[in-house]
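Order of the sequence lines sets the chain letters (A, B, ...), proteins ahead of strands, with each chain counted from 1.
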Amino acid sequence: MPHELPKTYEPGAIEARWAEYWVREKLFHVETPSSQSQRSDHFDSEGSGRGRPLHTAKPVFTLLLPPPNVTGRLHMGHMLNQTQMDILVRWHRMRGFITLWLPGTDHAGIATQMMVERQLAKEGKQRRDMGREEFVKRVWEWKREYGGAILEQMKRLGASVDWGREYFTMDENLSRAVREVFVRLYEEGLIYRGKYIVNWCPRCETAISDLEVKHEEVSGKLWEIRYPVVGTDEFITVATTRPETMLGDTAVAVNASDERYTHLHGKKVLLPLMKREIPIILDEIAKPEFGTGAVKITPAHDPNDFEAGKRHGLAQIEVMDLHAQMNENAGPYKGLDRYEARAAVLADLKEQGFLVAEKDYTVALGKCDRCGTVVEPRLSEQWFVKIKPLAEKAIAAVESGEITIVPENYKQIYLNWMYNIHDWTISRQLWWGHRIPVWHCGNCGEVIVARETPSSCPKCGSAKPEQDTDVLDTWFSSGLLPFTTLGWPEKTRDAEVFYPTTLLITAYEILFFWVARMIMFGCHFMAGHRQDAAMKQASGYGDKKDDSVPFRNVYIHALVRDAERQKMSKTKGNVLDPIEVIEQYGTDATRFTLAAMAAPGTDIAFSESRTAGYRNFANKIWNAARFMFMNIERVDAGLRPGATEGGCNYAGIAGFRPVSLEDRWILSRFNRAAEDVNKSLEMYRFDEAANRIYDFFWGDLCDWYIELIKPRLTSENGNPEEFAKTIRNLTTLFEASLRLLHPIMPFITEEIWHAMHEGKPPKKSIALAPYPEADEMQFDIPAEIQMAILQDLIVSVRNLRAELKVEPKARVSIEVFSHDPETWNVIQNNREAIQRIAGVQSVTDTSESQARQAPSRSTSRFDVRVDYEKKIDVAAERERLAKELEKIEKEIANGQRQLSNEQFLAKAPAKVVEGLKTRAEELKVLRAKTLAKLKEIGG
RNA sequence: AGGCGCGUAGCUCAGUUGGUUAGAGCGCUACCUUGACACGGUAGAGGUCUGGGGUUCGAGUCCCCACGUGCCUACCA
């Protein structure tokens with residue numbers, strides 16, 4: 001069974017099977033390492049742990065999964081994020097790190113509440129009718145039933161998280177930690193309550209933070225209204241984009257320096273419609289250069305006016321309720337929606353002659369991030385976090401380099417935001433979430449902040465204080481996750497080992513929402529924490545001073561857009577469902593696409609054609625494996641090599657015994673690929689890593705190596721011993737290449753790897769096998785040079801054959817000229833390969849250059865001519881040669897200009913000059929040869 | 001209004017501190033049912049790197065301007 005792979009690669013069945021296996025076998029579960037059990041535990045006994053002394057602490061790699069909302073469905077952004085995390089996690093795990101990837105979900109206050117409300121609406125029910133307790137119960141039911149959807153989807157991606165440690169932000173232990181944090185901050189004076197203007201969503205009926213407001217430029221109107229000045233026949237004209245708020249005006253402000261209004265200082269205006277006398281005040285809020293220089297002041301409905309109102313002790317008249325409907329203070333407009341009221345107010349103003357002008361104006365409308373409703377600034381009692389003291393530590397952690405942010409431009413963005421941060425509104429008027437641990441005494445009004453529900457008021461002793469009805473902003477609890485998931489506030493061994501986490505990978509969108517908050521909370525609450533020193537050292541962070549930070553590195557990934565570069569959004573209907581892409585091309589191909597397109601700095605315009613290409617790549621690997629298995633089948637049992645005999649190690653490929661040029665070459669190429677891939681991953685260059693593996697697997701291994709060794713595998717009367725050696729080399733090479741690819745394409749590599757081991761793999765999964773590293777002893781520069789000559793020769797002959805339109809099956813004779821001994825060596829030693837791969841009958845050495853003979857190709861090392869009766873297309877050949885000559889001439893001219901420039905010779909590095917000179921020599925030869933050919937065919 | 005990014009082959013994108021011949025995938029052309037693979041093979045065509053200045057021995061790469069395009073931040077009525 002193991003060697004019978006179906007002819008065509010079909011990812012669906014394979015992937016589902018392994019995804020299930022990884023979860024069932026708990027392969028990625030990490031027990032808390034005790035202080036004793038951290039000794040290095042190598043994968044094999046062959047001394048492969050080069051550079052890893054035994055009996056030292058193991059390095060640790062910890063990553064927190066940005067918790068998806070329980071309401072979430074997987075989108076491309078998640079998949080990119082998780083692909084990148086999984087690549088790094090698998091890579092570290094294979095390199096012997098204690099690797100913990102912690103998964104969980106977020107209760108997502110507003111989003112989840114909305115979801116359940118919608119469900120209730122279908123049943124004709126309303127949240128308020130059923131009451132808070134019933135409703136929350138209902139949300140929990142919903143969560144149990146549907147909340148796991150996104151995690152199930154994650155399993156399909158192959159995310160190698162530790163499912164044994166899965167959390168939910170409303171779990172009891174995490175909720176306890178949230179209360180603890182609230183109480184401590186309150187006791188430190190960092191949480192306060194007050195009545196301020198906040199962003200209010202009339203649909204969600206709750207306050208939201210600045211970050212949850214999305215601004216949108218809309219073409220709107222600016223209305224100018226004149227207010228009559230009491231006791232004169234003058235008017236003051238003010239402008240507004242929200243005329244309905246004038247009903248709550250309590251003053252008109254002008255600038256003290258504005259001479260237009262000097263004579264009106266101390267006077268009052270009569271507020272139209274409301275017929276209320278309000279003062280003209282002097283305040284800096286009014287800028288003389290803007291409009292009329294006079295501003296209406298509505299302290300209850302505008303944040304600036306609120307501040308101005310406080311400065312002048314003005315009344316705050318609320319004219320709207322929590323649904324943004326006009327209330328009793330709005331007089332005749334009571335009961336109207338804010339926009340109905342706007343229309344009515346404008347009509348009345350116009351009728352009464354107060355409306356002066358209506359101008360087109362671009363307004364930045366604030367909309368609720370969740371539901372899109374236009375936000376209304378509203379005066380209300382809320383809880384706030386005093387943010388500056390927390391921000392200071394968070395700034396220091398990044399400025400000092402204790403936390404690195406990649407790409408680096410995000411560091412400045414983060415810092416700018418932190419410098420200008422405002423206090424954080426943390427209370428939400430929702431029912432779903434962490435209830436604020438505050439109780440109000442109905443008797444004496446005492447405010448009780450406590451970890452557990454108080455049975456009586458500590459001040460007056462009256463029974464049953466009422467708990468505050470608000471819940472906390474969802475980000476308040478998720479901001480604590482790096483330490484609460486490791487057992488905080490207890491001091492745990494988990495925290496000692498896994499905190500600070502190593503890395504956080506996330507999208508730019510939540511840099512402020514989440515990343516910034518985690519840094520603030522981590523630096524504050526984990527101050528004084530020490531990570532296990534030996535492990536910290538082993539992990540490469542021995543030089544870091546601050547172990548309070550929630551993570552040592554942040555990597556911000558790009559945004560996934562659709563093929564037209566549009567941001568994917570439900571309203572646009574251009575959302576690409578990753579599950580659909582996966583069903584069509586496979587998870588491996590989709591992962592590979594995301595990795596290969598993840599160049600830093602630019603967003604990803606996801607293109608399915610790329611995914612199709614990488615599905616083809618998987619198919620290529622699949623078939624190369626089939627070819628390998630086909631040949632293994634033909635080996636006698638006694639000769640069958642163990643696929644990993646000596647192969648399953650870190651450095652190079654230990655079991656590979658090169659005998660031929662292509663053996664030496666592919667071994668060298670493999671090691672170079674391993675070196676490059678490791679380097680790229682170190683720098684989060686997923687695109688480089690993916691492309692490098694692609695080129696190696698397809699371009700080197702399949703296109704050349706397998707083609708070259710075919711005769712050693714397929715010749716009927718071959719030497720069985722050589723055959724076995726060849727197979728051994730192929731299998732060890734292939735096995736190592738699978739390990740190289742595994743982090744990016746976990747499924748296909750797992751499938752083939754198990755097949756190679758005939759059901760008896762050395763580890764339960766390739767994911768637990770070591771990751772290849774370069775062995776410098778296996779670099780072979782001469783082999784690479786010689787192979788390049790061989791490839792040049794073969795390609796030249798193929799090229800000539802194509803041009804001469806030689807029938808594919810016909811074999812041709814070739815004549816080769818070279819004065820280069822190395823070239824001769826290559827030809828002598830690889831005559832058979834040349835004949836077979838290039839369709840050559842005989843190779844003749846000539847002592848004379850073939851350059852002027854028509855059907856020929858030249859490189860600086862050799863000329864090769866095909867002996868064939870068919871005539872070339874003279875005109876086409878002439879054109880080709882002319883074009884080639886032009887290119888050569890251009891390059892020669894270019895090179896000469898530089899080489900004759902003293903400045904260049906003096907200033908350019910020797911290496912560059914040397915290279916140019918060598919190239920100039922080559923070009924001279926090539927030009928002579930090309931000219932000769934042109935002359936020969938009468939050009 | 002500020003800030004950031006992008007503009008390279010028909011399409012989607014690479015191109016590391018400026019250094020010899022600007023790469024890949026898809027698409028395109030021609031030929032090929034060669035015992036791993038047509039989701040394949042072989043050989044090709046296709047780019048004055050948006051435009052204009054500048055720095056430099058040397059610019060796709062650095063600077064300035066323009067045009068086009070995308071995003072983020074912002075309490076200016």
Side-chain angles (χ1 to χ4, degrees), chain A residues 5 7-9 197 215 222 238-242 253 285-287 290-292 294-298 302-307 364 366 377 409-410 412-413 416-417 420 508-509 512 559 561 563 565-567 585 589 593 596-597 599 601-610 612-631 683 685 687-688 691 694-695 702-703 706-707 710 714 795 798-803 805-809 839 880 887-888 890-891 894-895 897-898 901-909 911-920 923:
Chain A
L5 299 181
K7 184 175 171 187
T8 303
Y9 160 70
I197 294 266
H215 292 272
L222 182 70
V238 297
T240 180
T241 54
R242 295 187 297 148
I285 194 173
K287 304 268 182 290
F290 188 93
T292 61
V295 191
K296 63 192 266 310
I297 303 293
T298 324
D302 183 279
N304 292 313
D305 295 4
F306 174 79
E307 294 299 329
N409 56 317
Y410 290 109
Q412 204 49 52
I413 294 175
N416 287 343
W417 187 77
N420 301 313
Y508 168 69
E509 299 175 286
F512 306 132
L559 212 64
R561 301 171 177 284
R565 298 211 125 267
Q566 296 289 307
K567 196 169 170 175
Y585 304 103
T593 309
M597 295 186 80
T602 48
D603 289 339
I604 296 174
F606 192 90
S607 75
E608 271 189 71
S609 68
R610 292 278 291 259
Y614 295 127
R615 187 266 324 270
N616 297 353
F617 174 56
N619 184 61
K620 186 78 181 176
I621 293 167
W622 186 258
N623 278 288
R626 286 182 61 234
F627 173 77
M628 173 175 68
F629 289 137
M630 188 183 88
N631 288 296
M683 298 181 297
R685 290 304 303 263
D687 59 324
E688 284 182 358
N691 287 320
Y694 183 97
D695 290 341
C702 293
D703 286 351
I706 288 184
E707 289 309 319
K710 270 181 180 171
T714 54
V795 168
R798 282 170 173 170
N799 183 300
L800 286 166
R801 292 177 57 108
E803 193 171 327
K805 301 201 188 331
V806 177
E807 293 85 53
K809 279 180 183 157
R880 189 189 67 79
K887 217 172 145 189
I888 293 169
K890 207 171 141 192
E891 206 189 327
N894 233 320
R897 206 186 54 228
Q898 288 193 72
N901 185 326
E902 281 174 38
Q903 299 265 33
F904 171 73
L905 296 174
K907 291 181 181 174
K911 211 175 115 191
V912 174
V913 179
E914 239 1 85
L916 210 57
K917 280 183 180 163
T918 314
R919 181 64 186 163
L923 285 169

(Q) Base of B/C75, side chain of A/N304 - is there a donor-acceptor contact under 3.5 Å? (A) yes
Q. Hey, does the side-chain of A/E803 have a donor or acceptor N/O within less than 3.5 Å of a partner on the base of B/A30?
A. no
Q) Does the pair A/D302/A/R242 count as a salt bridge with the N-to-O cut at 4.0 Å? A) yes
(Q) Check this for me: does any side-chain nitrogen of one of A/E707 and A/K710 sit under 4.0 Å from a carboxylate oxygen of the other? (A) yes
Spacing between [X] atom [atom1] and [N] atom [atom2], to the nearest angstrom:
| X | N | atom1 | atom2 | value |
| --- | --- | --- | --- | --- |
| A/R801 | B/C31 | CZ | P | 16 Å |
| A/N894 | B/G19 | CG | C1' | 12 Å |
| A/R919 | B/G58 | CZ | C1' | 18 Å |
| A/I197 | B/C76 | CD1 | P | 15 Å |
| A/N799 | B/C31 | CG | P | 17 Å |

Please determine, for the side chain of [X], which listed nucleotide ([options]) has the closest atom?
| X | options | answer |
| --- | --- | --- |
| A/K907 | B/A74, B/C32, B/U56 | B/U56 |
| A/M630 | B/A74, B/C57, B/A36 | B/A36 |
| A/Q903 | B/U21, B/C57, B/G19 | B/C57 |
| A/N901 | B/C57, B/A36, B/A43 | B/C57 |
| A/Y694 | B/C32, B/C76, B/G25 | B/G25 |
| A/A624 | B/C75, B/C57, B/A36 | B/A36 |
| A/V795 | B/A43, B/G19, B/A36 | B/A43 |
| A/Y508 | B/C72, B/U12, B/U21 | B/C72 |
| A/E891 | B/A77, B/U21, B/C37 | B/U21 |
| A/R626 | B/C57, B/A36, B/C72 | B/A36 |

Looking at [N], I'd like to know if its phosphate oxygens (OP1 or OP2) sit under 4.0 Å from a side-chain N or O belonging to [X].
| X | N | value |
| --- | --- | --- |
| A/R798 | B/A43 | yes |
| A/K620 | B/G41 | yes |
| A/K710 | B/A36 | yes |
| A/N631 | B/A36 | no |
| A/R685 | B/G15 | yes |

Q. For the ring pair A/Y614 and A/Y585, is the centre-to-centre distance below 6.0 Å?
A. no
Q: Using the criterion of both pairing distances under 3.5 Å for Watson-Crick and G-U wobble pairs, give all stems of 3 or more consecutive pairs involving RNA chain B.
A: B:1-7 with B:67-73, B:10-13 with B:23-26, B:28-32 with B:40-44, B:50-54 with B:62-66
Q.
Under 4.0 Å, heavy atoms only, any strand: does A/K809 hit a base, just the sugar-phosphate, or nothing?
A. nothing
(Q) Does A/R615 reach a base, just sugar-phosphate, or nothing at all? Heavy atoms under 4.0 Å. (A) base
**Q.** Distance (rounded to the nearest 0.5 Å) between A/R919 CZ and A/E891 CD
**A.** 4.0 Å
Q) Atom CZ of A/R626 and atom CG of A/N631: how far apart are they, to the nearest 0.5 Å? A) 12.0 Å
Atom [atom1], compared across [N] and [M]: separation rounded to whole Å:
| N | M | atom1 | answer |
| --- | --- | --- | --- |
| B/G25 | B/C32 | P | 23 Å |
| B/U8 | B/U48 | P | 12 Å |
| B/G19 | B/G51 | C1' | 26 Å |
| B/U61 | B/U33 | C1' | 47 Å |
| B/C64 | B/C57 | C1' | 23 Å |
| B/G7 | B/U12 | P | 12 Å |

(Q) Using modelled atom types and a 3.5 Å cut-off, is there a donor and acceptor pairing between side-chain atoms of A/D305 and backbone atoms of A/T298? (A) yes
(Q) Tell me if a side-chain donor or acceptor on A/R798 pairs with a main-chain N or O of A/G839 at a distance below 3.5 Å. (A) no
**Q.** Test: A/K620 cationic atom under 6.0 Å from A/Y9 six-membered ring centre, within 45° of axis
**A.** no
Q. When you look at A/V295 and A/F290, which way does the side-chain contact (heavy atoms from CB on, under 4.5 Å) test go after all the steps?
A. CA-CA 10 Å; A/V295 191; A/F290 188 93; over 6 Å; no
